[in-house]
Student: 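Got a structure here, written out as C-alpha cells. Questions coming.
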Amino acid sequence: MIRRVSAAIAAGLLVAAGLAGCGGDSGSGSGNDDGKITLGFAQVGAESGWRTANTKSIQESAKTAGIDLKFSDAQQKQENQIKAIRSYIAQKVDVIAFSPVVEDGWDQVLKEAKDAEIPVILTDRAVSSKDTSLYETFIGSDFVLEGKKAGEWLVEDSKAAKGPVNVIQLEGTTGAAPANDRKSGFADAIKADPKIKVVASQDGEFTRAKGKEVAEALFKAHPEANVLYAHNDDMGLGAIEALEAAGKKPGVDVKIITVDAVKDGMTALSEGKINFIVECSPLLGPQLMDLVKQVVDGKKVEKRILTEETTFTQEQAKAALPERKY
Ligand code: AHR
C-alpha cells in the first residue's frame, strides 16, 4: 500500500526536489510503504460474456501494471458491492474502482470513501450522485449513443417494410445505467418512423437464461412481434434459443439487434441469426490501471473518459471474427 499524493503535495515535493538540486520523481512507487499500489475493485458479477471479458481485462492489466488487486464479485447485488467497498475502506487500499450494479443509492458509501481520503474511479457504469466530487473519474461507454445506433439501424432497415414493425425489448438489469440509457437512446431514434412500435419491454437481467425465459413468454403473448432488441448479446442469444424452440428462424422471421459484440454474439451475427450488433468494449483494464497510477500520483484526470466503439453488420462480423479478442 502506498499513500496517495495530493496535487498540492505533489507540486510541493517537486519544488522541494528542485530546490535541493535533485531530480524530482513523483512517479508511482516512489516514497511509499511497500512500493505497490493497492486497488480494490468491486465487480458487478459474472452475468455475461462481456463481464467475463471485463474481469479478465482488469485482472491481467493489474498484473502487468504491477498493481496489487483486491477483487470482489457482487453477484449483481448492490448490497454486496457496498459491503466490498466498505471492506476496501477498512483495509485502507490506495484506490477503489467499481462498476455500479445500478445508478442510484451510492452517496453514503462514496462519502465514506471520500472521508477516508480514498479516491474512487467509476468504470463501465455511472452513478446518479449529484455530487461529482465523490469520484475522480468515470471511464466507460456512451450507452445512450449505443441505444441510438441500434434504433437508427432499425429505422434504416424498416424503410423497405410494408407493414408494422413490432419490437420486443429485453432490458438489462432494472436501474442499471446501460438498461436506462440503451432504452432511452433506442426510443429516441425509432421516433423517426411511426411504423416502429415497442409492443413489450421487460427486464432480462443481462443473462442468457433470463433472456431466454422472458423472450419465450413475450413472443407467446405477442405473436405479432417481428423484431427483438436486446440490451446485450447474452439476452439476445437466450432469445435465439427460445425462438428456435418455438420453430421460428431468428434473423429472418424475427430480426435481432443486440449490444456488446462478444465472440458468441459475433458468431451468431456471422451465421445470420442476429442482424446487427452495437459494440460495447469491455477492455477497460489498461486504461483503468493508467488512471489509478495518475490518481495516486496526484495528477488531475479527465472527469469523463469515453470508450471508442463501432457497430457490426453480418458481413462485418464475418470479417472481424478471426481477430476478435473476447
Ligand atoms: O455495463 C455493461 C453491460 O453489462 C454489458 O453490455 C452487459 O453485457 C453487461 O452485463
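Ligands are counted one by one from 1 in listed order, and the atoms in each one are counted from 1 as well. The first residue in the sequence is number 1, and the count goes up from there.
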Student: Please say whether the positively charged group of Lys303, taken as NZ for Lys or CZ for Arg, lies over the ring of Tyr135, i.e. under 6.0 angstrom from the six-membered ring centre and within 45 degrees of the axis.
Tutor: yes
Student: By number and element, which atoms of ligand 1 are closer than 4.0 Å to a non-hydrogen atom of Glu47?
Tutor: 4 (O), 9 (C), 10 (O)
Student: For Trp50 and ligand 1, does the shortest N/O to N/O distance drop below 3.5 Å?
Tutor: no
Student: Quick one: pull up NZ in Lys293 and CD1 in Ile67 and give me the separation to the nearest 0.5 Å.
Tutor: 5.5 Å
Student: Can you list the ligand 1 atoms lying under 4.0 Å from a non-hydrogen atom of Arg182?
Tutor: 5 (C), 6 (O)
Student: Which residue supplies the protein heavy atom nearest to atom 3 (C) of ligand 1, what is that atom called, and how far is it?
Tutor: Arg125 NH2, 3.8 Å
Student: Between Val292 and Val95, is any pair of side-chain heavy atoms under 4.5 Å apart?
Tutor: yes
Student: Out of Trp153, Phe186, Phe276, which one pairs with Tyr229 under the ring pair (Phe, Tyr, Trp, His ring centres under 6.0 Å) rule?
Tutor: Phe186
Student: Give the atoms of ligand 1, by number and element, whose distance to some non-hydrogen atom of Asp124 is under 4.0 Å.
Tutor: 1 (O), 2 (C)
Student: Mind running ring pair (Phe, Tyr, Trp, His ring centres under 6.0 Å) on Trp106 and Phe98 for me, showing each step along the way?
Tutor: CA-CA 11 Å; Trp106 298 101; Phe98 76 114; 4.9 Å; yes
Student: Charged N to carboxylate O below 4.0 Å: is that the case for Lys148 and Asp188?
Tutor: no
Student: Do me a favour and list the nearest non-hydrogen protein atom to atom 6 (O) of ligand 1 with residue, atom name and distance?
Tutor: Asp260 OD1, 2.6 Å
Student: Closer than 4.0 Å to some heavy atom of Pro178 - which atoms of ligand 1 meet that?
Tutor: 1 (O)
Student: List ligand 1 atoms under 4.0 Å from Ser48, heavy atoms only on the residue side.
Tutor: 7 (C), 8 (O), 9 (C), 10 (O)
